[in-house]
Every structure is written in structure tokens, then in C-alpha cells.
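Scroll down for the structure; my scribbles are underneath it.
The shown structure was predicted, so the numbers you read here are calculated from the model rather than taken from an experiment. Note on naming: letters A, B, ... go to the chains in the order of the sequence lines (proteins, then strands), and numbering restarts at 1 for each one.
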Amino acid sequence: AQKVTQAQTEISVVEKEDVTLDCVYETRDTTYYLFWYKQPPSGELVFLIRRNSFDEQNEISGRYSWNFQKSTSSFNFTITASQVVDSAVYFCALTEVGNYGGSQGNLIFGKGTKLSVKP
Amino acid sequence: DGGITQSPKYLFRKEGQNVTLSCEQNLNHDAMYWYRQDPGQGLRLIYYSQIVNDFQKGDIAEGYSVSREKKESFPLTVTSAQKNPTAFYLCASRRGPSGANVLTFGAGSRLTVL
């Protein structure tokens, strides 16, 4: 069955530290998508990145970078030189779109990692 | 700007009362979703709709009801049958049902049962 595990419930760092948020997934499908969303204190989830199962290239966007490794079923997220504005809950999510995904394409979310960046 | 509007942002309800949460989108998205978020539990799918006049139960549909009479609107009713309704409710939409499409979320509604 499909499952997303974010083992880190809460992380606290001091501003300018680098921090990595872990995401491990389980799927029977060969075709799937992985996502990261950010939920600031305001509550609205904000899309950060989408990666399909055939694209293992790492992605860098400013201070954010993502490391996708199919061999370990992981899609980890690193924030470099963290800032107070990075404080939020971060969710990793998975959809299966191949043989096991069906037509619904519903997302399975991890339980989230709460990141606190202190000045 | 296009987006999703949820109202009210905060809602208090007495036990035994039904309450309806509003969700409106102007993104011209076909698919709409309701999620429930509890502390430390992530997001759980309540109901979803891929086209107008059609909707399906998600993982935790008991005690909830929805309608999809218009493409732009997907209201959620929390009924008195929902045993533990205090939670944060998020509405989302995306262009189509494919799992490749990105979900856009509203700002959420926080329901507290007194």
C-alpha cells in the first residue's frame, strides 16, 4: 500500500543553520509523483515542488534543494541558511498514477514536520 | 488573482448542530477536495469531486456531507453524526483528477465544538 513517513515530528534550529527534512515513501506503482508543501502559521498549504518517479535529478531553488533517491524511496528537503520565515509545518505527499493509482489520483500525505527557526 | 476562498475562518458550534463550511474557487478547476487536519495527524481526505454533480467519499466521510451544484463551489456540512468534529478543515482544488496535477489550497476553516 502507499504510505508516506516523515519521522521528524519537530525540528528546531537557529537562524542560518542548514536543516534537512526527511521523507520516506512506500508504493507498489512504478509511476508516481512526489510533492512538498509548506504550511505557515496562517494555515494555507503552499506548493513547493513536484517530482515524477522517472526524474531523479536533484532540484535547487534558491535556498531550497531536494534529493530524490528511488533506491532508498526517499525525497528529502534541505533548507540552506535557514531564516525565521522558514518556520512552518512541511508536508511530503505521494500520488500513484500507474497501474495502482486508479483514476482518482488522490494524495497521501505524511504527518508533517514542524520546523522552528529561532533568531 | 485566482484562488480558493474558505469561510468562515473560525466557527464555533454547539453539540448536536449541523454546520456548513463554504469553499469557492475561481481557478476554473474541475476537481475539488475537502481535508481534515488534526494536530500531528497530517491531512485526511473527507470527500472529493471530479466534476459537477458528482462526488465520492474519501477516507473519513462518516458524519460529513457535500454537494457540487456549481463548478466553483464545494460546500462541506459537518453533521451532528460526526463524533469529533473539532478540527481544521482545508479545501483544495486542481485542474483535473490526475495525480500529476498540483493541488491549490484555501486558507482553512477552524471548527470548534463547545
*Give, for atom CZ of A:Phe77 and atom NZ of A:Lys38, the distance between the pair rounded to the nearest 0.5 Å.*
8.0 Å
*Pick from A:Glu10, A:Lys114, A:Arg50: which one has the most heavy-atom pairs with chain B under 4.5 Å?*
A:Arg50
*asked:* So if I apply the salt bridge (Lys or Arg N to Asp or Glu O under 4.0 Å) rule between B:Asp30 and each of B:Arg95, B:Arg94, B:Lys71, which one comes out positive?
replied: B:Lys71
*Side chain, backbone, both or neither of A:Thr9 within contact of chain B (heavy atoms, under 4.5 Å)*: neither
*What part of A:Gln39 gets closer than 4.5 Å to chain B, counting heavy atoms only: side chain, backbone, both or neither?*
side chain
_Under the ring pair (Phe, Tyr, Trp, His ring centres under 6.0 Å) test against A:Tyr25, which residue among A:Tyr32, A:Phe35, A:Phe75 passes?_
A:Tyr32
*Look at B:Gln37, B:Lys9, B:Arg44, B:Arg110 and state which one has the largest set of heavy-atom pairs under 4.5 Å with chain A.*
B:Gln37
*asked:* Contact between A:Leu48 and A:Glu59 at the side-chain level, heavy atoms closer than 4.5 Å - yes or no?
replied: no
*Could you have a look at A:Ile108, A:Val46, A:Leu45, A:Leu107 and say which one has the most heavy-atom pairs with chain B under 4.5 angstrom?*
A:Leu45
*For the residue pair A:Tyr37 and A:Phe91, is the inter-centroid distance of their aromatic rings smaller than 6.0 Å?*
no
*B:Leu103 portion near chain A, given a 4.5 angstrom heavy-atom threshold*: both
*asked:* Does any backbone or side-chain atom of B:Leu43 lie under 4.5 Å from a heavy atom of chain A? Answer side chain, backbone, both or neither.
replied: both
*Any side-chain heavy-atom pair of B:Leu11 and B:Ser109 under 4.5 Å*: no
